[in-house]
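Since the structure comes first, as structure tokens, the remarks are kept for the end.
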Amino acid sequence: MGGGVNWQSETGYALSYATTQSSYTIANLMARYQISPSLSATLNVNNLFDKEYLTTTAAGLYGAPRNFMTTLRYAY
């Protein structure tokens, strides 16, 4: 089990046409299970609470919504 938190302070520009954004926090989780000595499975959940945020206030691009990633790893 594991997790992480990313925090961004308030951002923006002093120009009248640009947007500003208050601070936000994104939480992530990870769980790993050892199926056998050679095989493991990992599940990652990014943006756990599905927070809507801008990656840049200059272009108004939204960050990724909640998403999942699974990985199977085999070591020989």
Side-chain angles (χ1 to χ4, degrees):
M1 299 292 293
V5 176
N6 298 325
W7 175 78
Q8 171 67 52
S9 63
E10 182 178 5
T11 58
Y13 297 96
L15 304 173
S16 61
Y17 63 85
T19 59
T20 59
Q21 177 173 246
S22 60
S23 65
Y24 64 90
T25 303
I26 303 297
N28 306 301
L29 288 179
M30 181 276 294
R32 181 172 177 232
Y33 181 71
Q34 194 71 38
I35 299 168
S36 72
S38 300
L39 183 64
S40 65
T42 306
L43 172 66
N44 290 293
V45 182
N46 299 310
N47 196 357
L48 179 64
F49 302 112
D50 204 19
K51 177 75 175 174
E52 189 173 277
Y53 63 98
L54 298 172
T55 57
T56 173
T57 55
L61 301 174
Y62 285 96
R66 180 186 309 123
N67 59 82
F68 303 87
M69 182 176 67
T70 58
T71 304
L72 287 175
R73 182 164 294 163
Y74 183 80
Y76 54 93

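Computed from a prediction, not measured in an experiment: that's the story for all the values here. Reckoned from all heavy atoms, side chains included, excluding hydrogens, waters and symmetry mates.
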request  = Check side chain to side chain contact (heavy atoms under 4.5 Å, CB included) between Glu52 and all other residues, then give those that pass, not counting sequence neighbours.
outcome  = Tyr62
inquiry  = Applying side-chain contact (heavy atoms from CB on, under 4.5 Å) to Ser23 and Trp7, what does each step give before you reach the verdict?
reply    = CA-CA 7 Å; Ser23 65; Trp7 175 78; 3.7 Å; yes
Interatomic distance, Leu39 atom CG to Gln34 atom CD [nearest 0.5 angstrom] = 7.5 Å
Sole candidate of Asn44, Asn46, Val45 that passes side-chain contact (heavy atoms from CB on, under 4.5 Å) when paired with Met30 = Asn44
task = Could you state whether Ile35 and Tyr74 fall into the same hydrophobic cluster, counting links through intermediate Ile, Leu, Val, Met, Phe, Trp or Tyr residues with side-chain heavy atoms under 4.5 angstrom apart?
result = yes
key: Pairs satisfying ring-ring contact (aromatic ring centres under 6.0 Å, His included), at least one member in residues 21-45, at least two apart   = Tyr24-Tyr53
message = How long is the straight-line distance from CG of Asn47 back to CG of Leu29, given to the nearest 0.5 Å?
response = 11.0 Å
request  = Could you tell me whether a side-chain N or O of Asn28 sits under 3.5 Å from a main-chain N or O of Gly3, the two making a donor and an acceptor?
outcome  = no
key: Closest non-hydrogen atom pair between Gly63 and Thr55, with its separation   = CA-CG2, 3.5 Å
inquiry  = So does Thr42 get a backbone contact from the side chain of Thr71, meaning a donor-acceptor N/O pair under 3.5 Å?
reply    = no
Arg73, CZ: over 12 other non-hydrogen atoms inside 6.0 angstrom = no
query = Honestly curious: do Met1 and Leu48 fall in one hydrophobic cluster under the side-chain, below-4.5 Å linking rule?
reply = no
query = Ignoring hydrogens and geometry, is there a side-chain-to-backbone donor-acceptor pair from Asn6 to Ile26 under 3.5 Å?
reply = no
